[in-house]
Amino acid sequence: MPDALLDDLNPQQRRAVTAGDGAVLVLAGPGSGKTRVLTRRLAYLVERRGVPACDVIAVTFTNKAAREMENRVLSLVQQNLDGIWLGTFHAMCARLLRREVNYLPYRSNFVIFDADDQESLVKRAIRELNIDDKTHRPAGVHAAISAAKNDLLLPEQMPLRTYRDEVVARVYKRYQEMLVANNALDFDDLLLQAARLLEQNPGVAERYARRFQHVLVDEFQDTNLAQYTLLQQICAYHKNIFVVGDEDQSIYRWRGADYRNVLRFQQDFKDCATILLEQNYRSTQNVLDAARQVIDRNGNRTPKHLFTERGTGSKLVQFTAVDEVAEAAFVVDTIQQYLSSMRATASDFAVMYRTNAQSRLVEEALIRARLPYRLVGALRFYGRREIKDLIAFLRLAENPTDEISLARVIAVPPRGIGQKTIEMLQSAAFQANISSGEVLLDLGSKGDSSPFWAIIGRSASLLADFGALLADWHSLKGRVSLVTLFDRIISDTGYEPYINDQSDEGNDRWENIQELRRLAYDYDEKGLTEFLQNLALVSDQDTLPPEADQPATARQKAVTLLTLHAAKGLEFNQVFITGLDEGLLPHSRSRDDPEEMAEERRLFYVGMTRARDQLYLLRSERRSSFGNWEYSEPSRFLADISDELLTYQGKRGGLPRAAQFEELRWTTTGLPSTYSRRQRKPELPVETRFKPGMRVRTAAWGEGLVLESRVDSDGEETVDVHFESVGFKRLLASLAKLEIIP
DNA sequence: TCGCCAAGACTTTTT
DNA sequence: GTCTTGGCGA
């Protein structure tokens with residue numbers, strides 16, 4: 001009898017999916033069908049074992065993974081999944097905390113502070129405590145607080161080994177008080193507070209542990225201590241915990257993730273069944289072998305022997321460029337060769353890099369070549385000023401005591417409220433022991449009969465006007481639809497003329513606001529609280545408009561540009577990994593710490609194993625940083641890949657050392673270097689015979705449209721033409737007999 | 001109070 | 001090279 005749930009699984013996958021009760025650890029190499037196993041397991045439990053969906057909790061790290069799991073399972077089972085707890089760790093914790101909010105010093109409409117909010121709150125705490133924010137930078141202090149929270153440490157439990165520790169502990173304590181005063185939790189709090197709540201209220205913990213008959217976890221290697229503890233608590237009763245992960249793909253150490261949780265799991269659940277998935281369905285054997293040579297140098301892991309039935313495949317290509325411009329050019333030229341020979345479409349390609357800054361040159365090269373691309377992450381939708389402003393207004397409508405949002409928009413658009421006025425407002429609030437928002441509300445409703453009117457003096461009426469707006473919005477919330485409130489805020493504040501000055505950028509920003517409004521539309525019924533929570537918990541990785549500003553056709557067929565971190569879980573036919581230089585990959589900040597170095601290696605491994613057919617490993621002998629050239633050695637990881645697996649394109653070695661110093665001297669003494677980019681590209685002013693938009697004809701290809709034309713330093717004109725018959729061609733004007741059609 | 005300009009910092013990764 | 005921050009002048 002055919003079985004849609006099990007038939008197409010290999011024996012290991014099937015063993016995992018059909019495992020009995022108890023703890024199950026699935027160690028799944030890249031491309032081994034990890035997601036498939038997880039979704040089938042969930043479907044199997046519900047469909048074959050008759051487990052009610054509402055007794056299951058399934059946690060992932062990204063919203064995208066959660067959505068995908070839900071959709072896939074729904075297509076596998078005959079029922080709906082009503083009542084299931086399926087989502088990210090953070091979303092599941094937020095849900096739990098809202099339900100149990102009476103155990104916490106919060107109201108149930110608490111807001112979730114994102115990274116920016118957290119940092120500005122830390123900054124406030126630092127200033128308030130009269131600590132110098134130059135020596136103790138808010139970003140650094142916040143990172144330390146975050147790390148403590150991930151390790152389940154409260155301020156008073158912080159180890160105080162150095163003066164710095166003591167400073168951090170003090171700021172942490174104040175920061176935490178301020179969060180409570182703002183009725184806000186930060187990201188880390190979602191985990192920490194949930195774990196502590198269960199720990200301190202055994203009755204509550206038992207209720208959840210009894211409820212969740214089955215616990216399923218994706219990307220288990222990325223759990224931190226808080227998450228691990230939570231999992232232990234909720235599976236304590238039934239002890240049915242099914243985790244899937246791969247130590248070799250743990251790349252979030254800096255966020256507290258500890259791949260050793262995999263080892264800990266095996267110790268904590270003594271009778272756990274461990275299943276290894278080693279058959280890879282993605283890559284060629286050459287890619288897998290090279291990846292293995294890289295990862296096998298790491299310790300503390302379960303060795304895996306990935307194999308494939310896809311065959312040997314072609315060798316990896318290693319290319320050493322003279323500089324980063326040439327590196328980007330190699331990527332684009334290679335892609336164009338594939339495209340012009342019709343062997344691939346743009347969406348088959350991915351370009352990966354260690355740091356976001358590296359994307360820029362590739363982008364420029366792609367734009368020049370007229371190739372569509374999409375950038376994952378990086379230019380965050382939610383990070384844009386106009387979006388943050390609007391969210392701040394919405395948050396104030398929800399929660400007028402939110403000081404961070406208030407500080408953000410009290411003078412946006414400018415309404416005569418300046419630094420002095422804000423200080424007065426804050427001191428008035430401080431003396432009355434209420435929040436600034438409440439002072440504003442009071443001023444707004446009572447006007448000059450408010451006790452604060454006299455305290456604040458001259459600019460009190462300006463504050464009162466804004467307070468009246470806040471009061472309006474606050475009372476509208478719940479009475480009118482979300483979109484109505486949204487529009488009211490825009491018109492009350494005059495936000496459109498403020499943000500849209502009719503320039504391209506202004507139009508862009510206004511477009512973003514419209515996009516946010518469309519999102520709000522989906523929450524018209526669910527309401528503001530849900531909308532805000534969702535905004536806080538969506539990551540930039542699963543930012544909804546993939547590239548909203550590109551036409552749909554371009555979106556479908558675009559080259560993907562992304563960081564190695566963002567690449568996890570994805571796959572592409574052709575993958576370029578750029579910047580394989582010491583200092584970049586591995587990153588210089590990992591140099592002195594063996595654990596961090598091991599993580600850089602895993603990061604590279606993740607990137608390599610994204611490739612189905614062809615992997616390009618690129619480096620550049622020198623890069624410009626702040627206008628100076630910097631020279632680097634090849635990444636140590638390249639040396640780990642044996643020669644039989646590699647083909648070298650371009651030159652293989654670097655410049656002789658002496659030559660490097662020679663050049664270095666040139667550039668650092670400020671003398672014009674013959675190698676500087678500015679000098680090498682005087683292309684623009686030179687007049688070209690062919691212009692973009694011209695129609696041309698050749699004997700061989702018929703009519704076409706000139707996309708671009710330029711003259712290089714030798715006076716040679718290169719013309720890019722799109723022909724109706726054969727598509728894109730790059731031609732030398734002197735050789736191709738191009739006829740201009742008037 | 002606001003907007004402009006110059007100096008300075010900055011680049012690792014993000015739920 | 002680019003973005004942010006801070007100072008200064010209108």
Side-chain angles (χ1 to χ4, degrees), chain A residues 59-66 87-94 112-116 118-119 123 133-134 137-139 142-143 146 149-150 185-191 218-219 222-224 226-227 250-257 324 352-361 364 376-380 382-383 385 410-423 458-459 462 498 534-543 562-568 579 583-591 593 596 599-600 602-604 606-607 623-628 630 676-678:
Chain A
V59 280
T60 61
F61 274 85
T62 66
N63 295 292
K64 192 169 144 226
T88 63
F89 268 102
H90 291 85
M92 295 300 94
C93 287
I112 297 161
F113 273 5
D114 69 16
D116 285 348
Q118 292 169 41
E119 208 173 303
K123 197 169 178 177
D133 63 358
K134 287 282 186 293
R137 295 189 175 283
H142 175 245
S146 174
K149 287 186 171 184
N150 288 328
L185 286 101
D186 67 14
F187 272 134
D188 307 311
D189 269 342
L190 292 171
L191 308 173
D218 192 14
E219 306 280 14
D222 284 333
T223 51
N224 58 34
Q227 287 158 333
S250 172
I251 52 174
Y252 290 106
R253 196 181 113 87
W254 46 274
R255 226 171 60 199
E324 59 216 312
M352 302 178 185
Y353 34 80
R354 180 65 178 83
T355 69
N356 272 313
Q358 288 170 260
S359 73
R360 179 165 250 118
L361 285 165
E364 285 171 7
V376 179
L379 243 175
R380 308 178 261 277
Y382 297 106
R385 175 163 61 106
I410 190 167
V412 175
R415 52 172 70 85
I417 298 174
Q419 201 46 51
K420 274 269 162 353
T421 311
I422 292 173
E423 273 168 32
R458 203 159 44 89
S459 40
L462 294 167
Y498 163 71
N534 196 56
L535 289 180
L537 293 180
V538 280
S539 77
D540 299 318
Q541 290 304 303
D542 28 57
T543 296
L562 72 181
T563 63
L564 289 164
H565 280 90
K568 191 160 74 164
L584 209 46
L585 181 64
H587 197 270
S588 51
R589 284 179 68 152
S590 315
R591 199 178 36 209
D593 182 342
E596 299 222 336
E599 178 139 318
E600 296 290 308
R602 293 193 292 267
L603 198 49
F604 181 40
V606 166
R623 294 175 189 276
S624 66
S625 67
F626 312 114
N628 275 334
E630 274 182 10
S676 88
R677 238 190 290 153
R678 197 174 292 281

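Chain identifiers are assigned alphabetically (A, B, ...) following the order of the sequence lines, protein sequences preceding nucleic acid strands; residue numbering begins at 1 within each chain. All heavy atoms count here, side chains included; hydrogens, waters and symmetry mates do not. Note that the structure is a prediction, hence the values are computed from the model and not measured.
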I would like to know whether A/Arg602 and A/Glu599 meet salt bridge (charged side-chain N to carboxylate O under 4.0 Å, His left out); could you show each step before the answer?
CA-CA 5 Å; A/Arg602 293 193 292 267; A/Glu599 178 139 318; 2.9 Å; yes
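Between A/Phe187 atom CZ and B/dT14 atom C1' there is a gap of 9 Å when expressed in whole angstrom units. B/dT15 atom P lies 12 Å from atom CD of A/Gln118, rounded to whole Å. Whole-Å rounding puts the A/Glu324 CD to C/dG1 P distance at 11 Å. Taking atom CG of A/Asp188 as the reference point, atom C1' of B/dT15 lies 9 Å away to the nearest angstrom. Between the NZ atom of A/Lys568 and the P atom of B/dT15 there is a distance of 11 Å, rounded to whole Å. To the nearest angstrom, C1' of B/dT12 lies 17 Å from CE of A/Met352. Atom-to-atom, CZ of A/Arg385 to P of C/dT5 comes out at 12 Å; the value is rounded to the nearest Å. If you measure from atom NE2 of A/His587 to atom C1' of B/dT13, you get 9 Å, rounded to the nearest angstrom.
Here A/His90 lies in heavy-atom contact (under 4.0 Å) with a base.
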Measure all distances between protein nitrogen or oxygen atoms and nitrogen or oxygen atoms of nucleotides 6-10 of chain C, and list the pairs falling under 3.5 Å.
none

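Of the candidates B/dT15, C/dT2, B/dT11, C/dT2 carries the atom nearest the A/Arg360 side chain, counting heavy atoms from C-beta on. When distances are taken from the side chain of A/Glu596 to each of B/dT11, B/dT13, B/dT12, the shortest belongs to B/dT12. The listed nucleotides are B/dC10, B/dT14, B/dT15; the one nearest the side chain of A/Arg137 is B/dC10.
Put simply, the side chain of A/Asn150 gets close to the backbone of A/Arg255: a donor and an acceptor are under 3.5 Å apart. A/His565 places a side-chain N or O within donor-acceptor distance of the main-chain N or O of A/Ile251, the cut-off being under 3.5 Å. When atom types are taken as modelled, the side chain of A/Glu423 and the backbone of A/Lys420 share no donor-acceptor pair closer than 3.5 angstrom. Between the side chain of A/Thr88 and the backbone N or O of A/Ala91 there is at least one donor-acceptor pair closer than 3.5 Å.
By the 5.5 angstrom centroid cut-off and the 30-degree plane limit, A/Phe61 is classified as not stacked against the base of B/dT15.
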Could you encode protein contacts along nucleotides 1-6 of chain B as a string, one character per nucleotide from 5' to 3', using B for base contact, S for sugar-phosphate-only contact and - for no contact, with a heavy-atom cut-off of under 4.0 Å?
SSS---
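The side chain of A/Asn356 contributes an N or O atom lying less than 4.0 Å from OP1 or OP2 of B/dT13. Between A/Arg602 and B/dT13, a side-chain N or O to OP1/OP2 separation shorter than 4.0 Å is absent. A/Thr60 has no side-chain polar atom (N or O) that falls below the 4.0 Å cut-off from OP1 or OP2 of B/dT15.
Here the NZ atom belonging to A/Lys123 is positioned 15.0 Å from the CD atom belonging to A/Gln118, to the nearest 0.5 angstrom. How far CH2 of A/Trp254 is from OG of A/Ser146: 9.5 Å, rounded to the nearest 0.5 Å. Between atom CE of residue A/Met352 and atom CG of residue A/Leu562 there is a gap of 5.0 Å, rounded to the nearest 0.5 Å.
Each of A/Phe89 and A/Arg589 was matched to the nucleotide of DNA chain B holding its nearest heavy atom; the match closer to the 5' end belongs to A/Arg589.
Using a 4.0 Å cut-off between a side-chain N of Lys or Arg and a carboxylate O of Asp or Glu, A/Arg589 and A/Glu596 do not qualify as a salt bridge.
You'll find the side chain of A/Phe61 reaches within 4.5 Å of the side chain of A/Gln227, heavy atoms only.
Side-chain N/O atoms of A/His565 and base N/O atoms of B/dT14 include no donor-acceptor pair closer than 3.5 Å.
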